[in-house]
Protein chains: 2
Amino acid sequence: MPSAQEPTGFRPRRLSRASAATQIADQVRDAILRGELPAGSRLPAEHELAEQFVVSRATVREAIKLLSAARLVESTRGAAGGTFVVVPDPAAVAASIGDTLSLWFASGSTSLAEVSEAREAIERVCVRLAAQRRDEEDLADIRRAVEGGRDPEIDSDAFLRHDLEFHIAICRAAKNQVLELPMTAIHLIRPWTNTVVFELLDLGQIADQHQAILDAIEAADGDEAERAFDRHIAYLAELRAEALHERPETDVPIASLVAQQAHPALARLRPRG
Amino acid sequence: MPSAQEPTGFRPRRLSRASAATQIADQVRDAILRGELPAGSRLPAEHELAEQFVVSRATVREAIKLLSAARLVESTRGAAGGTFVVVPDPAAVAASIGDTLSLWFASGSTSLAEVSEAREAIERVCVRLAAQRRDEEDLADIRRAVEGGRDPEIDSDAFLRHDLEFHIAICRAAKNQVLELPMTAIHLIRPWTNTVVFELLDLGQIADQHQAILDAIEAADGDEAERAFDRHIAYLAELRAEALHERPETDVPIASLVAQQAHPALARLRPRG
DNA sequence: AGTCTTTCAAATGTCAGACGTTTACGCGAT
DNA sequence: ATCGCGTAAACGTCTGACATTTGAAAGACT
């Protein structure tokens, strides 16, 4: 008989048979992904599913909870109620990813510098694409955000909201969902990163920089838009460096920020199902 | 009495008091995010939670299922079993985000072109950063992936695995988790995108292009690494154009791909809890 | 005939208690 | 010291019942 330890890249898999609830959830999930259960369609009633799978209703309910947490299905009560396959909503998906990301950041060792670096790299691409692809609606959105940020009496919360709207609108104008989604998710956790330097911001200067980016995008000048964006970023980097110099503890793992203040933007967007 | 319709931006919130299970899940989730329940810590036993919240055990279990689907907690059976706050694993988080993304792509109208565009934009940044920051371990990983792809007898599956490993290793070498995570997620759905043109690939040429990128990264030459990457991308774009020309139906919404073949990479990585 | 009210039934939400299954840990025998 | 076994703790599942919500049909009134 051969030895139990073979030199091949073999590693014993954690077998532990999945629970009934998990298996049912998997089957339903696959059916949904396979297209057998189109969005909006209704699953059989719980007692019927229980009958079909030969399990108790409690088990079926646990399976449904697994799917509903993943936003695959939604349950409603009442006579015409039931469990329905959810029609995906981009905002909800972005919020969900933002949730996952912030959870990860919160327990990891990711620093503000890392978030900023990624944000700048991806958004630079978005800015360039936005200059090529923006339509009138995009321009209106961006313009509204810039105007909103000009209010001299603005407070921290409102400023961050307009800033968020500005950058998200640009990413939307790039017309690439695969870029827009992670970017939106990153922006959603950015309020945490910006509160650190908020007191140092010259709001008028920020508004002017935003305006310059908007102008270049409106003129469909990708190169200039990228340059304007770079100037904006350079200004922020300068502030961060200043903050870092005065208070070296500024570049901390995000976990401590999360612990201090409860998510301002995500609180509104977080799924509650 | 004022009319029910006011001109202000008011919109009635969906009130419908959340279910007990949802509320419990929210409370526990907040406690975890707030840091009161650190990773690895153990929740009270189900019957204790039921007692504390004054609900039945079934309700507590449904709440736990909601959290476990979000990978926030994990339950184990046995004497020393219980429900524990999960220690986030980057690979698992990436797989989870990849899951969410592909689900979204599957039900949306996202096209292969969009995925490729985003992938190329972000990875270009990773390649440049990798040239600056790679350590010996990164180089070894990348080298191993390149060598693995040289096997002339390689089949489609093995090739895609090594290709995936190559690109993920580069993103890892960029030493920015915020870039690495979405990039890995995108790469995880890439097998779907690559199978379309696989039959047209000149595997030897691909290996040479990978080698050129590796060499530049090893030489810490960011500019050359980016150029080599651009050449690689240009070659792939050429193939895609060719495929698009021969079979215009190639640039289809990803949904149809998902429907046809069951996720090759995700099948192994998909959460089963 | 049309509208309002009442009743009803279907479906999810929750409860209570019980039993099955898994698994770490300690105890005793070898 | 090691092996085997029992035990208890915890999750997994079952059963059956009741509570709550809500659309829709049946009925009553104008």
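Keep in mind the model is a prediction, meaning the values are calculated, not measured. Quick note on labels: first sequence line is chain A, next is B, and so on, each numbered from 1.
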Give each protein N/O atom lying under 3.5 Å from an N/O atom of nucleotides 14-18 of chain D, with the pair distance.
{"unit_1": "D:dC14", "atom_1": "OP2", "unit_2": "A:Ser56", "atom_2": "N", "d": "2.8"}
{"unit_1": "D:dC14", "atom_1": "OP2", "unit_2": "A:Ser56", "atom_2": "OG", "d": "3.0"}
{"unit_1": "D:dC14", "atom_1": "OP2", "unit_2": "A:Thr59", "atom_2": "OG1", "d": "2.6"}

Length of the [atom1]-[atom2] vector between [X] and [N], whole Å:
| X | N | atom1 | atom2 | value |
| --- | --- | --- | --- | --- |
| B:Leu66 | C:dG13 | CG | P | 11 Å |
| A:Leu67 | C:dT12 | CG | P | 14 Å |
| B:Gln23 | C:dT14 | CD | C1' | 13 Å |
| A:Phe84 | C:dT12 | CZ | P | 9 Å |
| A:Ile64 | C:dT12 | CD1 | C1' | 9 Å |
| A:Glu48 | C:dA10 | CD | C1' | 11 Å |
| B:Ile24 | C:dC15 | CD1 | C1' | 13 Å |
| A:Glu74 | D:dT21 | CD | C1' | 16 Å |

Holding to side chain to side chain contact (heavy atoms under 4.5 Å, CB included), I want the full list of residues that pass it with [X], two or more places apart in sequence or in another chain.
| X | result |
| --- | --- |
| A:Gln23 | A:Ala18 |
| A:Glu165 | A:Ala145, A:Ala169, A:Arg172 |
| B:Glu74 | B:Val86 |
| B:Ala80 | none |

Residues that [X] engages under side-chain hydrogen bond (donor to acceptor under 3.5 Å, both in side chains), provided they are two or more places apart:
| X | value |
| --- | --- |
| A:Glu48 | none |
| A:Glu180 | none |
| A:Ser41 | none |

Tabulate atom names and distances for all N/O pairs under 3.5 angstrom spanning the protein and nucleotides 3-8 of chain D.
none

Side-chain-base donor-acceptor pair under 3.5 Å for A:Arg77 and D:dT20: yes
Reported CD-to-OG1 distance for the pair B:Gln27 and B:Thr22, which is rounded to 0.5 angstrom: 12.0 Å
Distance, nearest 0.5 Å, that separates CD1 of A:Ile142 from CD1 of A:Ile170: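 These two atoms lie 5.0 Å from each other.
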Any A:Arg42 side-chain nitrogen or oxygen under 4.0 Å from OP1 or OP2 of C:dA11: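 Yes, within the criterion.
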A:Thr76 side chain near D:dT21 phosphate (N/O to OP1/OP2, under 4.0 Å):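 No, outside the criterion.
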5'-most by nearest nucleotide on DNA chain D - A:Gly81 or B:Arg61: B:Arg61
Proximity to the side chain of A:Glu46 - top-ranked nucleotide from D:dC11, C:dA11, C:dG13: C:dG13
